[in-house]
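Quick notes on the structure that follows.
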Amino acid sequence: MTKMSYFPICLSFHVSILLMTIVTVSADIMTDINLSWGGDRAKMSGGLLQLSLDRASGSGFESNNMYLFGKIDMQIKVVPGNSAGTVTAYYLHSGGDQYHDEIDFEFLGNVSGEPYILHTNLYTQGKGNREQQFYLWFDPRNAFHTYSILWNPRQILFYVDGTPIRAFMNREGSGIPYPKNQPMRLYSSLWNADDWATRGGLVKTDWTQAPFVASYRGFNADACVWSAGKSSCSPTKGSWWDQGLDSNGAQKLAWVKKNYMIYDYCRDAKRFPQGFPPECSLSS
Ligand SMILES: *[C@@H]1O[C@H](CO)[C@@H](O)[C@H](O)[C@H]1NC(C)=O
Ligand SMILES: *[C@@H]1O[C@H](CO)[C@@H](O)[C@H](O)[C@H]1NC(C)=O
C-alpha cells in the first residue's frame, strides 16, 4: 500500500464515527507497552514503569500499538539529583528513516539544583531542524508530571500538565508537509549523551550516581489505533479530534513562550542564512 492511500481510510472512518456512540480507546501501561531495550534495566510492576541507565547501557520501551492521530498522555518523573549527561526521550516515531514523521520530547538532565531543559522537535517527511527548548516552571525531578501530545488533522500540540508549550499547525495549504499518512509508535528511552546534552559536553555524567532512573505511570492513549493497514477509533465531537487552542490555551502558550522558552529555531538566524523555514512566518 502506498503512503497516500492511508488518509482516505481514516477520513471515511471519521465520517462514520460521528454517528456512533461514545467509545474511549484508552491504554494500560502494563499491557500496551513493551520493554524493548536494555534487558532488566527496564522494569514494570503495579502500574509503575522504570527505565534505568548504568555505565554499560540505557534502556527503553515502546507501545505495542501504532497510532494515526490521538491524544497521548504519560506521567513522567525524570532522573532525580545529579542527572547531568542523561537524556530521557519520549516521542512518537513512524519508523523508516528518510521520510519519517516524529514528535519529540527530550529531557536533558543537569547537576543537582540546576534546571532540566525540555527539548522538543518535530519531523515531517524526514525533515526536522525544528527545535524548541524550554525550562519548566517546576523541578521535574521531584514529582510526576503529565506530558501530552495531541495530534489531530488540524494541529499538533505539546502539553505539560495541561498547559500547551508548543503548537504546530497543519499548513499544507502553504506547502508545509504535515504528519497525517504514517502511523507512529510511542517510544521512550533513557541514555547517556554527555557528549552534547550538557551545553556541548561541558559537564560529564557522574557515574558514581548510577543507576539513573526515570519513572512512568498513568499512560493514556485516546487514539486511532493502526492495525492491518487501517486506522480505527471513535473520536466524538468535542474530543481531542476537534480540539485546538482556545483563547485560554493561546494565552498560556504565549506565557510559556515569553517566560520559559530558551531556544527557538525560528529565531536562530545563524542557522538559516537562506531564510527561516516557511512555518516561522505563519502565526501558530
Ligand atoms: C518487544 O520488542 C522487542 C524488541 O523490539 C521485539 O523483539 C518483541 O517482538 C516485542 N514484543 C511484542 C510483544 O511486541
Ligand atoms: C544546566 O544548568 C545550567 C546552569 O544553570 C544552565 O545554563 C543549563 O541550561 C542547564 N541545562 C543543561 C542541560 O545544561
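Index from 1, following the sequence. As the structure lists them, so they are numbered: ligands from 1, and atoms in each ligand from 1.
For the residue pair Asp73 and Ser148, a side-chain donor N or O sits within less than 3.5 Å of a side-chain acceptor on the partner.
Ring geometry, Tyr90 versus Phe105: the interplanar angle falls from 30° to 60°, so the pair is classed tilted.
Remark: ligand 1 and Asn34 share an N or O pair separated by less than 3.5 Å (distance only, no angle test).
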- Query: Does the side chain to side chain contact (heavy atoms under 4.5 Å, CB included) test come out yes or no for Trp196 and Leu108, once each step is laid out?
  - Reply: CA-CA 10 Å; Trp196 65 268; Leu108 314 186; 3.9 Å; yes
- Does the ring pair (Phe, Tyr, Trp, His ring centres under 6.0 Å) test come out yes or no for Trp151 and Tyr67, once each step is laid out? CA-CA 10 Å; Trp151 172 33; Tyr67 308 104; 8.7 Å; no
- Message: With side chain to side chain contact (heavy atoms under 4.5 Å, CB included) as the criterion, how do Ser52 and Val213 come out once you've worked through the C-alpha distance, each side chain's angles and the decisive distance to 0.1 Å?
- Response: CA-CA 4 Å; Ser52 69; Val213 178; 3.9 Å; yes
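At a 4.0 Å heavy-atom cut-off, ligand 1 does not touch Leu35 at all.
For a heavy-atom separation below 4.0 Å, the residues in contact with ligand 2 are Leu108, Gly109, Asn110, Glu114, Pro115, Ile117, Tyr135, Ala197, Arg199.
In this structure, Arg271 fails the cation-pi test against Tyr265, since its NZ or CZ atom is not both closer than 6.0 Å to the six-membered ring centre and inside 45 degrees of the ring normal.
Looking at residues two or more places apart in sequence or on another chain, you find no side chain to side chain contact (heavy atoms under 4.5 Å, CB included) involving Gln251.
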